[in-house]
Amino acid sequence: MIKVSNLYHSYNKDEHYAVKDVSFEVEEGEIFGFLGPSGAGKSTTQNIMTGLLQLQKGNVTVAGYDVKTISNKMFNQIGMSFEESNVYSKLSAKENLEFYRKLFDVETRDPMELLRLVGLHDKADIRAGEFSKGMKHRLTFARSMINNPTLWFLDEPTTGLDPAIASEIKGIIREQNKKGVTIFLTTHNMYIADELCDRVAFIVDGELLLIDSPRNLKLQYGDKLVEVEYIKEGETIKESFSTIQKEDLDKLQEVIGKYEIQTMHTKEATLEEIFIKVTGRELV
Amino acid sequence: MKLWHSFLKEMKLSARGFYFYVEILVAVIILVMILFVVPENFRSVEDEYLFYDWPEGVFEEFVLPTLMEDDLDGKIESVEVEGDDILYPAQLIESEGTRYYIFESEEAVLRLTDLDRPKIGAIIRMDEQSQPYYEYYLQGYETQRLRNVYSIFHILDFDLMEAEFESQEVRSLTDGYLELSDRENIVPAMLTFNGSMMGVFIIAAYIFLDKQSGIIKAYAITASSVWQYLMSKVLVVLVSTILSTVIIVVPIMRLQPNYGILFVLLLASGLFSSTLGLVVASFYRNMMQAFGILYFLMIGLMLPAIAYFTPSWNPAWVQWIPTYPLIQAFKETILVNGDIGYVAWVSLGFFIASGILFVFANARYKKTLVS
C-alpha cells in the first residue's frame, strides 16, 4: 500500500536533512505505527506521502500512485486525520462534513452517521468554533473517514481526548482495519501503538532505526523475568526470577510449593522502554 | 462542480465573517461621504486684501462702481477683520469667486496678509501719469506660473483682453462628450481603490485565516485541485467587489454609466487585485508578516490617484502603474459617450495579467502548502 525508499528531505535544501535515507513498506490491511519524539521526522515523512510536501529525493508510492506525479485521484483513496484540528469554525459540524464530501469523486459516507460514530450527532448543527478542543478533534477524525479511505493516515488520533472517548476512537480504528483499511499511525504515544499496531517503526533525528511487530520487540528486548510477591514467616517478600536460568526456575518452583503467593507477573518491557533502550532517547 | 461547492462554502464563510462586511461598510461610508460631504462642484472662494492708495474720491467715483458690478447682492458690507487682537475696518465686496476686503490703510493689508497665510494682499497706487500700478504681497509658496501671470497681467489693456477672450471659439473634438461634476469625478478613483484594489487585502486575509487554522492542508488532502480552492476565494472577492461598486455607483451616477462595460472592467480589475493578493499571501504565513509589503503595494497603487486629481503632475513612470489606466478606464465607463475601446483594451490587459498571476499563484501554493 505504501512503499518508501531512500527518502531524504531538507527544508532549507541543504545537507541538514529532516528525513535521511528512510525506507519502509506498509502492507495492505496493516496498522503501521510510525513512532518517534517531536521533531524526529514523522510529520515530514507523512506530509511527503500525502503530497503536502514536495518530494525532493527518493521514491514514494502511495496507494499505487507515485507521489512524484501526484494525482488528485489518489486522494479519493486516502483519508487523513490531523493532529491539530483544522475544521471550518464558522460552519456547523454537519456543514463541515457536507462540504468535504463534495470534494471527492467516490461514494462518501453520510455526515450524520459519522457524527454519530464519534459522538457528535447531537451537536451536528452547532458551529465548530463553539466546540471544545476534544470535540474539534473528533470532528477532524470523522472528516477523515468521509470518503471511505482504503489508506488512512492518523496523526496522534487520541491526543487531547479523555480516556473514554480515546477508547471509542481506538475501537473505530480497529473496526475500520477489520474492514480492510490500511492505517498509517503517526504518534509518540507508545501505549496506543502497542495496542493497535501490527508493526511499528522507530524514527529519531530523521533516521529510521528499527521496524518490527510490538510482540517481537518485547521478546527481543524485554527482560525474561517473573516477579513474585509471597508471604514467608508473616513477612511479604518480593523477588524476581529468571525464566531462563535453571537455578532460578528451581527456586521459583520451591517458592510456589512452600509459600502463599500474593502476586506473580511475567515482566514485559513496554514499547516505551524498548524505544529508550534502542534509541537512547525519550519520547518527548 | 467542486469549484461551485467551494465557492458556495466560501460565500457562506464570508457572510458569517468579518472582512466581507468591512468592504461593504467602507463602500457605504464612501457613498455617504460623496453624497453629503463632497459638493456637486467645488467652488473655491479666494480672499483678497486690498488698499487703494489713491486721492480722496477717486476710488469711490471710478473703482467702486466697477467692483460693484460683480457683487453678488449689490451691497457693500462694512466689516471688521481681526488680526493680533486688533480689529481692522474694511469694506467687503463679494463676487462669484472672490471676496475683496478693501482696507483703510496699507498697514492693515500688510499685517493681515502676513497673519492669514492663504491670503493675497495688494496695494494699488497711482503713478505720475495717473495710471494705477499694483504691488502684490504673496505668501511665497505660489507657483512661478502664478507669479508670471501677476507680472504680465497689468501690461495689457484689460478691455482688449476680455474682447479677445470672448471672441475665441472653443470646440470639443468629440460630440456629446459630457464632463463629470466634481462629485462624479471622485467616483473612478473610489472604484479603483475600494471596489478593485481592496481585493488585495481581503483575499490575503482569507488565505491567512486558512493558513493559521490549517484548513488549507485539509483541503489539499481532497480530490479537489489547488486552483479550485484559490479560484473559489477569487470569486468571493469578485462578488464583494461588484456589490461595493453597485453601492457607490448607482446612487451617484444612476443610469448614466455603461454598466455592461463597467462590470467587464470590474471583473478584470477584481481578478487582477485578488490574484495579486494570492501571490503576495503565498510568500508569508500571516497578515503581520505580509503587512509591510501589502502597505507598500497599496501606497504604490494609489499614486496614480494623485496624477488623476492633479493633472499638472503626471510623470511617465506613474503611467506604468496598473491603477493609472484603471482610473482612466473607470472614468470612461461612467462618462456619457465614454471611450469603450479604451476600456476594452484596459480590461483585456488586466485579464491577461490576472491569468499570469493566477498560474504563478497556483504553482506557489502547490509548493508551499505546509509552509
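Keep in mind that what you see is a predicted model, and the values were worked out from it rather than measured. Within every chain, numbering begins at 1; the chains are lettered A, B, ... in the order of the sequence lines, protein sequences first and strands thereafter. Computation of the quantities below employed the complete heavy-atom set of this structure, encompassing side-chain atoms and omitting hydrogens, waters and symmetry-equivalent molecules.
- Using a 4.5 Å cut-off between heavy atoms, A:Phe99 touches chain B through its side chain atoms alone.
- Side-chain contact between A:Phe82 and B:Ile221: present, with at least one pair of heavy atoms (C-beta onward) separated by less than 4.5 Å.
- Going from atom OH of B:Tyr219 over to atom OH of A:Tyr88 covers 7.0 Å, rounded to the nearest 0.5 Å.
- If you take NZ on B:Lys9 and NZ on A:Lys102, they are separated by 12.0 Å, rounding to the nearest 0.5 Å.
- No more than 12 heavy atoms of other residues, nucleotides or ligands sit less than 6.0 Å from atom NZ of A:Lys178.
- In this structure, chain B has a heavy atom under 4.5 Å from the backbone of A:Ser85, while its side chain stays farther away.
- The nearest pair of heavy atoms linking B:Ser213 to A:Asn86 is O-CB, 3.2 Å.
- Under a cut-off of 6.0 angstrom, the local environment of CE in B:Met298 is crowded, with over 12 non-hydrogen atoms contributed by other residues, nucleotides or ligands.
- In this structure, B:Lys2 and A:Asp105 have side chains that are in contact, with non-hydrogen atoms separated by less than 4.5 Å.
- Contact tally against chain A (heavy-atom pairs below 4.5 Å) for B:Ser6, B:Ala218, B:Gly214, B:Ser225: the top residue is B:Ala218.
- Annotation: side chain of A:Glu84 is not in contact with side chain of B:Lys217 (no heavy-atom distance under 4.5 Å).
- Crowding of B:Trp320 atom CH2: a count of heavy atoms from other residues, nucleotides or ligands under 6.0 Å not exceeding 12.
- Shown here is A:Lys136, whose NZ atom has more than 12 heavy atoms of other residues, nucleotides or ligands within 6.0 Å.
- In this structure, no portion of A:Val106 lies under 4.5 Å from any heavy atom of chain B.
- A pairwise comparison of heavy atoms in A:Lys90 and B:Gly17 identifies CE-CA, 3.7 Å as the closest pair.
- Atom OG1 of B:Thr222 is separated from atom CG of A:Asn72 by 7.5 Å, given to the nearest 0.5 angstrom.
- B:Phe283 CZ: more than 12 foreign heavy atoms inside a 6.0 Å radius.
- The 12-atom threshold is not exceeded at CD of A:Glu28, counting heavy atoms of other residues, nucleotides or ligands nearer than 6.0 Å.
- Neither the backbone nor the side chain of A:Glu98 comes within contact range of chain B, judged by heavy atoms closer than 4.5 Å.
- With a 4.5 Å cut-off on non-hydrogen atoms, A:Tyr100 touches chain B through its side chain but not through its backbone.
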